[in-house]
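This chain uses plain numbering: 1 for the first residue, then up along the sequence. Numbering of ligands and ligand atoms starts at 1, following listing order.
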Amino acid sequence: MRKDFLVFGAPVIGEEEIAEVIATLRSGWIGTGPRVQEFERRFAAVVGAKYAVALNSCTAGLHLSLKVLGVGPGDEVITTPLTWCATANVVVHVGARPVFVDVDRATGNILPDQVEAAITPRTKAIMPVHFAGRACDMDAIMDIARRHGLKVVEDAAHAIEATWKGRKVGSIGHCTAFSFYANKNITTAEGGMVTTDDETLAERMRILSLHGVSADAWRRFRPDGPAHVEVIEPGFKYNMTDIQAALGLRQLDKLHEHHERRERLWRLYDEALAGLPLRLPAPPEPDCCHARHLYTVLVDASRARLDRDSLREALRARNIGTGVHYVALHLHRYYRESLGLRRGMFPNAEYISDHTLSLPLTAGMTERDAQDVVNALREALA
Ligand SMILES: *Cc1c(COP(=O)(O)O)cnc(C)c1O
């Protein structure tokens, strides 16, 4: 058995990140400044968007997107129950109502025909989540949005490297939010980015991210900065710091290399787990790049002879950390009670919610680590 515990989703921080953070601390500017600007410029180029606004979380990006797209009280936003709670929480925060629709059982992504069926006169936006790093069918979703005059806010927390039919996630919907939380494909400890091709939206999100004042802190304190600033609209405290951007810049340098590394581990899992009584992730769709964020297997006790939670416990006992993505949101107390939802409404999301298990997958893992996961699974399922 392996000696040390394999932590699920451990970040991969190198000397380059450490040196950049130290240089930032020594530079005299640790708040929102030149490194944030540089990170935004480079990130926009990576995902093929015109504008990128760096924030302190993906949640902030989702919230600001809904806000600047005019989603508010009385509106409905169609989204997936198979996501982190942030996706639906921000809908509640702008005063709108989340409307969940079911996902594809094989991919975990929202079903476009269900989205279309859920549209009412109050529907204002669609929030697809690119589950585990697999892009949703963005041709179908953008087509529905165009025909019904809806906005599309993509939750791309898992999907920096993802493409849909050759188009990069981050350049498709009206706004796209990315996460740099500690266990995401790149990390700034906490952080996020929202991208858009609309200059007006980008500028308003930038202003709203820093109290809603007319000039950001960096410009404000520069020698040529304005003498006074004015509140244009009551904003939030969502800005990213240069210390975070220092991490982000050096992580971005490694984006491709880390993706390839996870790609290799993914293939190792695919091959080594093929004979086990588990359902493995579906292959990527043609002409699409999968961001390889989460390797999720489905554990059905009728095949595996033990259920997901027992398998999870058996792996933990063998020093392997795993994750569950996700307990479907309509099964959580707040959403059950506030929206009158119950088990039975979204069978595919529920099936995944009850049976899914995420295996460790980060660029910091060795082949040996992945082999330890495979061996532990073989033992536990024997
Ligand atoms: C991580 C995550 C978020 C939230 O990201 P933060 O940067 O922590 O705000 C939102 N949606 C999904 C699907 C996520 O995995």
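- Contacts of Asp155 with ligand 1, taken as heavy-atom pairs under 4.0 Å, involve the side chain alone.
- Between Phe178 and Phe43, the ring planes are perpendicular. Angles over 60° get that label, and only those under 30° would be called parallel.
- Between the side chains of Thr87 and Asp155, a donor-acceptor pair is found at a separation under 3.5 Å.
- Among protein heavy atoms, atom 1 (C) of ligand 1 sits closest to Lys184 NZ, 1.5 Å.
- Residues Asn185 and Glu161 are in side-chain contact: their nearest non-hydrogen atoms beyond the backbone lie under 4.5 Å apart.
- Less than 4.0 angstrom separates some heavy atom of Tyr326 from each of these atoms of ligand 1: 13 (C), 14 (C), 15 (O).
- Under a 4.0 Å N-O distance rule, the pair Lys50/Asp198 does not qualify as a salt bridge.
- Of all the atoms in ligand 1, the ones that sit under 4.0 Å from a non-hydrogen atom of Thr83 are 13 (C).
- In His325, neither the side chain nor the backbone holds a heavy atom less than 4.0 Å from any atom of ligand 1.
- The protein atom (non-hydrogen) at minimum distance from atom 4 (C) of ligand 1 is Thr59 OG1, 3.6 Å.
- In this structure, the protein non-hydrogen atom closest to atom 15 (O) of ligand 1 is His158 NE2, 2.8 Å.
- Nearest-heavy-atom check against atom 5 (O) of ligand 1 across Ser179, Ser57, Ala159 picks out Ser179.
- Shown here is Tyr51, whose OH atom has more than 12 heavy atoms of other residues, nucleotides or ligands within 6.0 Å.
- Lys254 and Glu257 are not joined by a salt bridge, as no carboxylate oxygen comes within less than 4.0 angstrom of a charged side-chain nitrogen.
- Atoms of ligand 1 lying under 4.0 Å from any heavy atom of Gly191, numbered from 1 in the order shown and given with element: 7 (O).
- Taking distance alone, with nitrogen or oxygen atoms compared against 3.5 Å, Cys58 approaches ligand 1 more closely than that limit.
- Counting non-hydrogen atoms of neighbouring residues, nucleotides and ligands closer than 6.0 angstrom, the CZ atom of Arg147 exceeds 12 such neighbours.
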